[in-house]
Amino acid sequence: MIDQKVADASASSGGQQPQRGRRIQDAVIRLAGNSQDGIQAIGSFLARLAGRTDKDVMTYMTIPSTISGGPSIYQVRLGTGEVLSAGDDVDILVAFYQHSYNDHINTLRDGGILIYDSDNVKPDENQKRYRSVGVHITGQTVEAIGGTAKDKGKNMFVLGLLARMYDLDVPKLESMLQAYYKSKGDDVIRNVIGAFNAGYGYDIGRLTDTFKFVPSTNKTARKQVVTDGNQAIAYGALAAGIRFGAGYPITPWSSVMEILRAELPKYGGIFVQAEDELAAIAIACGASYSGHLSLTGTSGPGLSLKTEALGWAVMAEMPIVIIDVQRGGPSTGLPTNVEQSDLNIACFGGHGDSPRIVLAPSSVEDCFYVTLEAAKLAREYSCPAIVLTDQALATRVETWEMPDIAKLMQDLTPDFAPRGPNYKAYQNTVDGIAHHAPPGTPMLDGKYPVVTGLEHDETGHPASRPANHVMMVAKRRRKLQVLASRLPKAETYGPPEGNVLLVSWGSSHGPVREAVDKARAEGESVSGLNIRYIQPLQPGISEIMDGFNHIFVVELNDEGPYGYGQLAGVLRARFCNDKIVGINKTDGLPFKIREILNGMNERLKKTPGPALTHA
Amino acid sequence: MIVEAENLEVKEIRLTDRPKYTKKDLVADHPTWCPGCGDFSILSIYFKMMEKLQVPHEKITSIAGIGCSSRFPYFVNAYGVHFLHGRAAAFATGVSLMRPDLHVFVFGGDGDAFSIGGNHLTHAARKNVKMTYVIMDNFVYGLTKKQTSPTSPLGFKSKTDPTGAIDHPINPMKQLIAAGATFIARSHSHLPNHVMEMMEKAMQHDGFSVVECLSECTEFYPGAFDAANPRKGGVFNLVPAEHDATDEVAAYKLAMADFPGYFGVFYNVQRPTKNALEARLIADAKAKSENATPVELLQKTFARLS
Ligand SMILES: Cc1ncc(C[n+]2csc(CCOP(=O)(O)OP(=O)(O)O)c2C)c(N)n1
Ligand code: SF4
Ligand SMILES: [Mg+2]
């Protein structure tokens, strides 16, 4: 896909006549400025416009580590067809300041276009690598709407420039701007539209190429929605019927709790801001016990705190959904960067044998569906279910198909129908699954259960007899084995046999798929396998692995002392397969396609493996 | 779901004319406590109080942390939870907020409440979550066999302070007043009638009510509370009749008295409960969205995002 776009672009750098309306498949636009310039607004308007015009979109942004001001970027990749990553290289860089130019010019691809604010930026005039287009962004904005509003209007001016450059749907954009700024009053709207029109009217086509997206061939019947991953999780929880949550603020989890705090009351629910993460999960356990499936969530350090009560929920067989938005660790680590290094704590964190369900969404859309599924599984298996998402998924914006809410919405009204006689809260059933009766449920034989974290017998009574512990440990573990057997069979992306299998999970899924596409387009035998069910694993993985000479697990964590990361460690332990090797990185940024392919080729050089048997 | 709701109604009707239960119906396992442990008396008062008030059997909910005292729920034949050391108040918060039909009781020790659970106690109190917390204070860690507790007096010889405790103890009453609890009482397990009176008042209180009940650990701190036990030659000083329990400063002054101090209701005020405040948020939000159904609400949200 990357190759099709602007194939002859390098020729257009230098002094040639700009070309108008060149056909492109997708475009990667990076806006670099300071956080107060409203560059995020440009990005999110572009993203929402894409959703309304049958384009796919993925964004990527860095949040400055300081609260106010500071350099910030927003990258948008717009495309016709599936957009799987935020793009390795930038087609267009918009630089508001000298530091923006200095820091980001290297991300601009050869033959790309630099648009800079000539009031603030002095670019290298001798280079021939890309085309430089200077625009008096500050001056033009002041001219359009007056001096006082200049800092506020620059983003709208740039949005206008880009709308002209990419032949975007201006009436739709204008109506979005009107709707968005409606509450701010007429003056603001006048300035916004004024700045936008000035940018649009600037006719940047005199200075540089302009583009047109090839029309979409597979128009979907359903409308598109545009959200970030954390929104998808919050709305997924609402669709799942979750009406209670508790949490403690921590980046990048907080926005999930902020949404739920605002939304839940409308649904008759409550979200509690707890005193800490220990309390948050304890409160959520209490609400689940009371009969209402509950959610808690956190990032990094908070998950460490939650492991004590997580163990209780496993032992007490209490359904609960736990969201972990991974960030760089350990400790406070990299609070605003991505890492996939909580897999071990999610699967194994805590003392004792404590089997729990762990799922990892692979896209913004999947954040919605995985949360729904986690809620279903937690209830069905009376077991905590962890949703392992990450900072990249949490903060990026994607377009996805409008979910069918009427079909998906769950009603989890507690069941107070009398139980018994001989009701056993921890009945040792064949599949290990038993369900609690919420307090308030009459027991026909007058015997009421205690729910506990002490080892107990089937009725909930403390029992430390050796045979009982053996039985109950097995019961709790058996639930996961039963779940594993019921999961859909794993499937590869691309042929089920070949030379290289690239295994992904969570946010590395998109880049891995794109890497597979790219490698296959170059004639290489590469397939992908995404692991959505981290614990328990789906059936069929072993058979898939048998069909490949090389297995590389692509994950954003450290390769550890033995050369493989956290998911790879789980897969190695499970399948005793020493072909499993890691492609890891820890720079706090999402994978680039190039990094995956380079990693693959390096490893292939080291261990060429058996001769290629499959094409 | 509708079928179940119908079942429930049928059941409710039956429940109203069912025979009254007695203490015997509430007895579960024989307590594992040491002979003479003060906790026995609190358990039997709980039975007696429930028998008197006839709280529907299936609605009695007792929640505990970890400790000798926290074994409590196993000894009551009713819904019970044995949670984590120190975090019962947090757990009970979730139960209380989602289930206004239950009156939630929390039982636990001094270490559970004031040491590992100090933060949870503080925040449940300040939020005024409706529940009754009975702190069975024996001035020592019982379950783990005689370590210093946050209420152990200076000089108390324990396994972790063989030469006597050197860390200043917590004053439970002061701590609870400062935290914002809206009903605070103090009692002594050797005076069952007083305990019963305090627990009943606590239960009637609409908000976060707490009773610190001195409860002797005969095994590791025998005689700790003799000074307040008339049968052992001590004096049981009731809170003076003229004490104004709505006066925070007066309550604080009462709490300053040297051991064994006063017994009775130190503080009792009305402040909106978190339960009520959350219910109001829900009512307002529902009114604003004109009682839209969950499907309508979420569809509207997604329409906005498209
Ligand atoms: C996280 C954790 N830390 C420590 C313990 C061990 N522990 C159990 S009970 C207890 C203290 C008990 O003292 P108290 O709360 O006063 O209750 P008592 O036994 O005196 O009634 C301790 C330290 C535990 N169960 N969990
Ligand atoms: S150790 Fe103390 S507190 Fe524990 S049961 Fe025995 S007497 Fe009671
Ligand atoms: Mg104690």
Side-chain angles (χ1 to χ4, degrees), chain A residues 51-52 223-227 231 235 238-239 241 244 246 263 265-270 272 274-276 278-279 282-292 294 308-309 312 402-403 405-406 409 411 413 415-418 438-443 446-454 461-462, chain B residues 1 4-5 7-8 11 15 21 25 28-29 56-61 63 66 71 73-74 76-84 86-88 90-99 101-102 119-120 122-123 274 278 281-282 284-286 288-289 292 294-295 297-299 301-303 305-306:
Chain A
R52 291 193 185 178
K223 271 192 162 171
Q224 300 286 298
V225 293
V226 183
T227 74
Q231 284 175 301
Y235 300 132
L238 293 172
F244 187 92
E263 292 298 314
K266 300 179 201 162
Y267 295 74
I270 296 174
V272 174
E275 55 272 27
D276 57 33
L278 306 157
I283 294 169
C285 282
S288 272
Y289 168 71
S290 86
H292 300 274
S294 300
E308 183 199 32
W312 183 88
M402 172 87 81
I405 298 302
M409 180 66 73
D411 178 3
T413 312
D415 175 5
F416 294 112
T441 306
M443 289 290 160
K447 294 258 172 292
Y448 287 86
V450 174
V451 165
T452 170
L454 263 182
H461 266 85
Chain B
M1 213 82 270
E4 277 153 11
N7 279 346
L8 190 65
K11 192 70 196 169
L15 289 173
Y21 59 79
D25 299 308
D29 300 4
H57 197 163
E58 70 281 3
K59 302 239 165 166
I60 302 172
T61 308
I63 297 168
I66 303 293
R71 303 283 294 211
Y74 294 119
V76 184
N77 175 32
Y79 281 100
V81 180
H82 195 209
F83 193 54
L84 297 170
R87 319 203 196 289
F91 188 98
T93 296
V95 182
S96 171
L97 290 177
M98 286 311 266
R99 293 295 301 282
D101 58 318
L102 306 173
N119 201 27
H120 307 312
T122 301
H123 289 271
K274 181 163 181 69
E278 293 289 344
L281 279 184
I282 291 172
D284 291 350
K286 288 200 153 189
K288 213 170 151 193
S289 67
V295 170
L297 285 165
L298 200 51
Q299 278 175 339
T301 299
F302 274 107
L305 296 166
S306 72

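Worth saying up front: this structure is predicted, and the values here are computed from it rather than measured. Each chain gets a letter, A, B and so on, in the order the sequences are listed, and its residues count up from 1.
Interatomic distance, S290(A) OG to L102(B) CG, rounded to the nearest 0.5 Å: 7.5 Å. Here CD1 of I66(B) is found 7.0 Å from OG1 of T452(A). Values are rounded to the nearest 0.5 Å.
Each of S288(A), S294(A), P449(A) has some count of heavy-atom pairs under 4.5 Å with chain B, and the biggest count is that of P449(A). Between chain A and the residues G80(B), A285(B), A92(B), S96(B), the largest count of heavy-atom pairs under 4.5 Å involves G80(B). Ranked by heavy-atom pairs shorter than 4.5 Å toward chain B, the options A309(A), G446(A), P462(A) are led by P462(A). Here G268(A) is the residue among G291(A), G241(A), G51(A), G268(A) with the most heavy-atom pairs under 4.5 Å with chain B. For the set T93(B), N119(B), T122(B), I63(B), the entry with the most heavy-atom pairs within less than 4.5 Å of chain A is N119(B). The most heavy-atom pairs under 4.5 Å with chain A, out of L297(B), V295(B), T61(B), L97(B), come from L297(B). Heavy-atom pairs under 4.5 Å with chain A peak, among T301(B), V76(B), D284(B), I60(B), at T301(B).
Aromatic ring pairs are classed by plane angle as parallel below 30°, tilted from 30° to 60° and perpendicular above 60°; the pair F91(B) and Y289(A) is tilted. Between Y79(B) and Y448(A), the ring planes are perpendicular. Angles over 60° get that label, and only those under 30° would be called parallel. In this structure, W312(A) and F83(B) have perpendicular ring planes: the angle between them is above 60°, well past the 30° mark.
Taking all atoms of both residues into account, the shortest heavy-atom contact from P294(B) to M409(A) is O-CE, 3.3 Å. Across V450(A) and P73(B), no two heavy atoms sit closer than the pair CG2-O, 3.6 Å. Closest approach of M98(B) to I270(A), counting heavy atoms only: SD-CD1, 4.3 Å. Of all heavy-atom pairs between L298(B) and Y235(A), the closest is CD2-O, 3.8 Å. In plain terms, the two heavy atoms of K286(B) and Y267(A) that are nearest each other are CE-C, 4.2 Å.
Looking at heavy atoms from C-beta onward, I282(B) lies out of side-chain contact with K266(A) at the 4.5 angstrom threshold. Looking at V451(A) and H82(B), their side chains never come closer than 4.5 Å, going by heavy atoms from C-beta outward. Residues E58(B) and T441(A) fail the side-chain proximity criterion, which asks for heavy atoms closer than 4.5 Å. You'll find the side chain of R71(B) reaches within 4.5 Å of the side chain of L454(A), heavy atoms only.
Listed by chain and residue number, nothing satisfies the salt bridge (charged side-chain N to carboxylate O under 4.0 Å, His left out) test with E275(A) (two or more places apart in sequence, or in another chain). Scanning for salt bridge (charged side-chain N to carboxylate O under 4.0 Å, His left out) contacts around D101(B) gives K59(B), R99(B), with sequence neighbours left out.
Of the two parts of A246(A), neither the backbone nor the side chain holds a non-hydrogen atom closer than 4.5 Å to a non-hydrogen atom of chain B. Interface residue E263(A): only side-chain heavy atoms are found under 4.5 Å from chain B. Neither the backbone nor the side chain of K288(B) comes within less than 4.5 Å of any heavy atom of chain A. With a 4.5 Å cut-off on non-hydrogen atoms, L281(B) touches chain A through its backbone and its side chain both. Contact of P403(A) with chain B is made through the side chain alone, with heavy-atom distances under 4.5 Å. Within the 4.5 angstrom heavy-atom criterion, atoms from both the backbone and the side chain of A406(A) approach chain B. Contacts between T227(A) and chain B at a heavy-atom distance below 4.5 Å involve the side chain alone, from C-beta outward.
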Review point. Stepwise, does the side-chain contact (heavy atoms from CB on, under 4.5 Å) test hold for M443(A) with H57(B)?
Key: CA-CA 9 Å; M443(A) 289 290 160; H57(B) 197 163; over 6 Å; no
Exercise for review: Report the C-alpha separation of I283(A) and H123(B) in whole Å, then their side-chain angles, then the decisive distance to 0.1 Å, and conclude whether the side-chain contact (heavy atoms from CB on, under 4.5 Å) test is met.
Suggested key: CA-CA 12 Å; I283(A) 294 169; H123(B) 289 271; over 6 Å; no
Practice item. Test side-chain contact (heavy atoms from CB on, under 4.5 Å) on M402(A) and S306(B) and set out the steps. Key: CA-CA 8 Å; M402(A) 172 87 81; S306(B) 72; 4.1 Å; yes
